[in-house]
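In what follows, chains carry the letters A, B, and so on, assigned in the order in which the sequence lines appear, proteins first and then strands, with residues in each chain numbered from 1.
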Protein chains: 2
Amino acid sequence: MTTLSNAHGRLPRRATMSDVARLAGVSIKTVSRVVNAEPGVHAETAERVLAAIERLGFRRNIGALNLRRGSSTGTIGLVLEDVANPFYSGITRAAEEVARRHGRQVLTGSSDEDPDRERELSLEFCARRVDGLIVIPAGTRHGYLVPEIASGTPVVFVDRPPGDVIADTVLVDNVTGAAAAVTHLAAHGHSRIAFLGDAPTIFTATERLAGFREGCARAGIPFDQRMVAMGPHTAETVAAALDRTDATAVITGNNRITVQTLRVLAGSARKPALVGFDDFELADLLDPPVSVVSLDPAELGKAAAELLFARLDGDREPPRRIVLPVRLTPRGSGEVRP
Amino acid sequence: MTTLSNAHGRLPRRATMSDVARLAGVSIKTVSRVVNAEPGVHAETAERVLAAIERLGFRRNIGALNLRRGSSTGTIGLVLEDVANPFYSGITRAAEEVARRHGRQVLTGSSDEDPDRERELSLEFCARRVDGLIVIPAGTRHGYLVPEIASGTPVVFVDRPPGDVIADTVLVDNVTGAAAAVTHLAAHGHSRIAFLGDAPTIFTATERLAGFREGCARAGIPFDQRMVAMGPHTAETVAAALDRTDATAVITGNNRITVQTLRVLAGSARKPALVGFDDFELADLLDPPVSVVSLDPAELGKAAAELLFARLDGDREPPRRIVLPVRLTPRGSGEVRP
DNA sequence: TGCGCATTGGACAACGTTGTCATGGTGCCA
DNA sequence: TGGCACCATGACAACGTTGTCCAATGCGCA
């Protein structure tokens with residue numbers, strides 16, 4: 001049992017090849033050869049070097065290696081809104097997985113929907129010379145990335161498209177999904193359907209609203225602005241929106257809003273039909289089980305990362321826009337009769 | 001609208017200070033001065049340099065900077081089990097937050113409970129010269145980190161203690177928590193209580209089992225090995241365990257098992273009382289609402305990161321072991337009568 | 001005119017590593 | 001014994017940056 005601490009004080013300096021070389025009585029280059037398992041080192045010498053490495057706890061400095069080799073840093077950057085949100089952590093995990101297969105590690109950062117923070121994170125990642133960048137945009141202006149991409153750092157945008165530039169983007173089919181939700185509810189007899197969406201500054205929010213309108217039109221339901229409440233949402237705004245309408249059904253614009261709404265409804269006598277955008281754990285165990293329009297976030301993350309690595313592998317086609325289909329999963333909450 | 005791509009082919013090289021200097025007609029050092037806002041550069045010269053920087057899309061290479069300065073790389077590493085699990089992504093977010101306050105960025109990696117992967121990730125982070133490491137151990141042997149810590153990379157273990165070394169650790173009070181769950185159930189008249197825990201190789205699993213035994217003893221319930229099923233768990237193993245016992249109440253050992261159990265129970269006529277370890281979103285909206293023993297993962301992440309940064313700020317005290325209290329949150333599922 | 005001084009710019013080394021090339025020693029064969 | 005190939009090892013430069021130091025220029029002032 002070893003005690004891991006520096007209670008003795010004085011911050012030590014990490015051993016370098018130079019230290020190892022001195023201890024082993026060889027040149028730096030020989031140490032390098034041993035570390036890289038290059039041939040041409042006498043077995044006995046290698047032995048001595050390895051002993052010195054062990055003794056000093058030497059570990060090769062990857063930063064210096066990257067500088068010297070001028071090659072990949074073996075990292076990619078991932079800028080998202082909030083890792084603690086299961087939607088984004090699902091994306092993170094999938095991206096991490098793909099990165100691992102390609103021998104890369106992942107730098108993550110949460111922007112909290114703050115465009116400045118998104119920019120700051122992205123640019124700092126670039127300054128660290130990540131091999132590529134996956135960005136879930138918080139802002140609507142991404143010109144700041146032009147020089148980065150021009151300099152060879154591929155960028156893939158996920159879930160929302162970039163503003164004022166054209167670049168690789170992976171989206172989900174928000175419009176079709178929201179329209180499908182309306183169609184589903186209409187098929188169950190609903191005609192007074194409320195839509196609780198996120199802030200209109202957020203791409204997915206307006207897309208889903210557009211899908212809602214489209215669905216209403218197709219179902220012959222006149223669009224009524226009073227049935228729409230865009231976020232950001234708190235329990236109060238959700239409650240107020242529901243009180244304001246006589247809706248028999250509600251479509252919620254993302255997983256956070258769905259949860260807010262479920263909480264509000266739990267404390268209310270009203271039981272409108274409900275279809276949420278984004279799936280969430282236990283949705284099937286609620287009473288009634290919550291119907292959702294969803295896509296596995298892992299698919300988004302995977303698609304984005306694979307697109308990124310295709311670029312890193314030399315894909316020079318014009319920017320792609322991938323739109324992943326969503327799936328309506330009826331579970332009960334959308335079938336409640338008016 | 002700019003198209004961000006390299007459709008023209010040929011991977012470009014990033015501009016360096018040397019390129020900027022050539023374009024601006026000055027020496028490299030002058031560029032450095034401008035970039036670092038050092039005094040002693042004629043305004044007009046600085047202007048030229050800035051123009052060149054802009055034109056070339058130059059961004060200072062942080063790797064080279066760190067090498068030269070020999071200082072901090074401005075990163076910390078976080079090795080966890082699975083970012084997609086809300087418990088760990090909560091820790092991640094909190095650690096990220098603290099890191100941000102200290103001007104650091106976070107490298108994350110999921111070990112998937114694989115000790116080799118944990119080791120690989122940790123050592124690679126060290127090779128990248130992270131300023132510190134936060135590890136949620138998958139394995140039980142951590143001697144491999146001794147040289148790293150001796151070389152000045154502080155390491156903090158979270159949620160589970162390290163094996164065969166003594167180091168900074170942040171845990172939760174698993175024993176007390178599990179015992180409290182038993183006490184709670186006993187107070188509601190239960191004496192046949194099952195415990196579904198994770199694999200006994202996992203520290204928290206055995207601790208919680210110990211707490212379970214302690215709680216039984218205190219409540220005067222004879223401990224019965226047949227009431228215990230340790231994981232890993234699937235829907236089948238959970239169902240089998242429940243079928244095998246005549247338990248009127250169940251304690252589940254972590255958030256995954258709780259969810260598995262809820263699913264199994266949803267398809268069953270039995271409605272045992274239930275107390276889960278770890279809170280989870282919507283636990284309060286299930287029917288009945290699920291009682292839990294829990295701690296906000298953010299508190300764990302925050303405590304760990306703060307301990308790490310205390311070390312980085314020069315704290316040389318002997319290794320600390322912080323045990324955070326857990327809280328029993330009765331919500332209904334634990335009150336079901338036998 | 002000569003001197004000191006402030007201002008501005010540049011040469012050079014170094015961070016830790018590896019690629020290129022050179023060197024010294026050994027063994028083999030004619 | 002001379003020539004040669006080969007093995008093991010090392011010297012040096014370079015990656016991109018900054019810290020240290022020195023040089024050149026221009027100014028004020030005696």
J.: Main chain of B/P147, side chain of B/S151: is a donor-acceptor contact present, judged purely on distance under 3.5 Å?
T.: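 Pair found, side chain donor or acceptor close to backbone of B/P147.
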
J.: Starting at CZ of A/R48 and ending at P of D/dA8, how long is that distance when rounded to a whole Å?
T.: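 Between P of D/dA8 and CZ of A/R48: 14 Å.
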
J.: List the atom pairs, donor and acceptor, that lie under 3.5 Å between side-chain atoms in residues 297-310 of chain B and the rest of the protein, sequence neighbours left out.
T.:
unit_1: B/E306; atom_1: OE2; unit_2: B/R101; atom_2: NH2; d: 3.4

J.: Can you list, in residue-number order, the parts of residues 18-35 of chain B that come under 4.0 Å of DNA chain D, counting heavy atoms only?
T.: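 By residue number: B/I28, B/K29, B/S32.
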
J.: Take B/E47 and B/H42 through the side chain to side chain donor-acceptor pair (under 3.5 Å) test and state the conclusion after the steps.
T.: CA-CA 9 Å; B/E47 199 67 34; B/H42 195 281; over 6 Å; no

J.: Rounded to whole angstrom units, what separation is found between the CZ atom of A/R129 and the C1' atom of D/dC15?
T.: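 Atom-to-atom, A/R129 to D/dC15, this comes out as 12 Å.
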
J.: What's the CE-P distance between B/M17 and C/dG9, to the nearest Å?
T.: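 Spelled out: CE on B/M17 to P on C/dG9 is 15 Å.
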
J.: Going by atom types only, do A/E81 and A/S111 share a side-chain donor-acceptor pair under 3.5 Å?
T.: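 Their side chains do not contain a donor-acceptor pair, so the 3.5 Å distance test is not met.
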
J.: With a 4.5 Å heavy-atom cut-off, do B/V165 and B/L145 have their side chains touching?
T.: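 No; the side chains remain at least 4.5 Å from each other.
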
J.: Using the rule given for side chain to side chain donor-acceptor pair (under 3.5 Å), can you reason through B/T75 versus B/Q105, listing the C-alpha separation, both sets of side-chain angles and the distance that settles it, and then say yes or no?
T.: CA-CA 5 Å; B/T75 52; B/Q105 292 188 327; over 6 Å; no

J.: Verify the neighbour count for atom CD of B/E38: are there more than 12 heavy atoms of other residues, nucleotides or ligands below 6.0 Å?
T.: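 It does: B/E38 CD has more than 12 such atoms within range.
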
J.: For DNA chain D, which residues in residues 57-70 of chain B have a heavy atom at a distance below 4.0 Å?
T.: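 Result for residues 57-70 of chain B: B/F58, B/R60, B/N61, B/A64, B/L65, B/R68, B/R69, sorted by number.
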
J.: Do we see a donor-acceptor contact under 3.5 Å between the side chains of B/E118 and B/Y144?
T.: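 Yes, B/Y144 and B/E118 have a side-chain donor paired with an acceptor closer than 3.5 Å.
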
J.: Give a yes or no on whether a salt bridge exists between B/D116 and B/R119, defined as a side-chain N under 4.0 angstrom from a carboxylate O.
T.: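 A salt bridge is absent here (no side-chain N lies under 4.0 Å from a carboxylate O).
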
J.: Classify B/E44 by what it touches in the nucleic acid, base, sugar-phosphate, or nothing, heavy-atom distance under 4.0 Å.
T.: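 Nothing: the residue B/E44, judged by heavy atoms under 4.0 Å, touches no strand.
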
J.: Are side-chain heavy atoms of A/L107 and A/I76 found at a separation under 4.5 Å?
T.: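 They are not in contact (no side-chain heavy atoms under 4.5 Å apart), so the answer is no.
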
J.: Between the main-chain N or O of B/T16 and the side-chain N or O of B/S18, is there a donor-acceptor pair closer than 3.5 Å?
T.: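 Side chain of B/S18 to backbone of B/T16, a donor-acceptor pair under 3.5 Å: no, none is there.
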
J.: Evaluate the side-chain proximity of B/V158 to B/V135: yes if any heavy-atom separation is below 4.5 Å, no if none is.
T.: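 The answer is no, as the side chains (C-beta and beyond) never meet within the 4.5 Å cut-off.
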
J.: Tell me the salt bridge (charged side-chain N to carboxylate O under 4.0 Å, His left out) pairs involving residues 121-149 of chain A, sequence neighbours left out?
T.: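 Found A/R104-A/D131, A/E124-A/R128, A/R141-A/D164, A/E148-B/R14, A/E148-B/R59.
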
J.: Protein within reach of the bases, or only the backbone? For nucleotides 23-28 of chain D, mark each nucleotide 5' to 3' as B, S or -, using heavy atoms under 4.0 Å.
T.: ------

J.: Using whole Å, report how far CZ of B/R14 lies from C1' of D/dC15.
T.: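 Roughly 16 Å, once rounded to whole Å.
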
J.: Let me test you: for the helix from C/dT1-D/dA30 to C/dA30-D/dT1, what is the angle between the axes at its two ends (five pairs each), rounded to 10 degrees?
T.: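 Inter-axis angle at the ends, rounded: 70°.
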
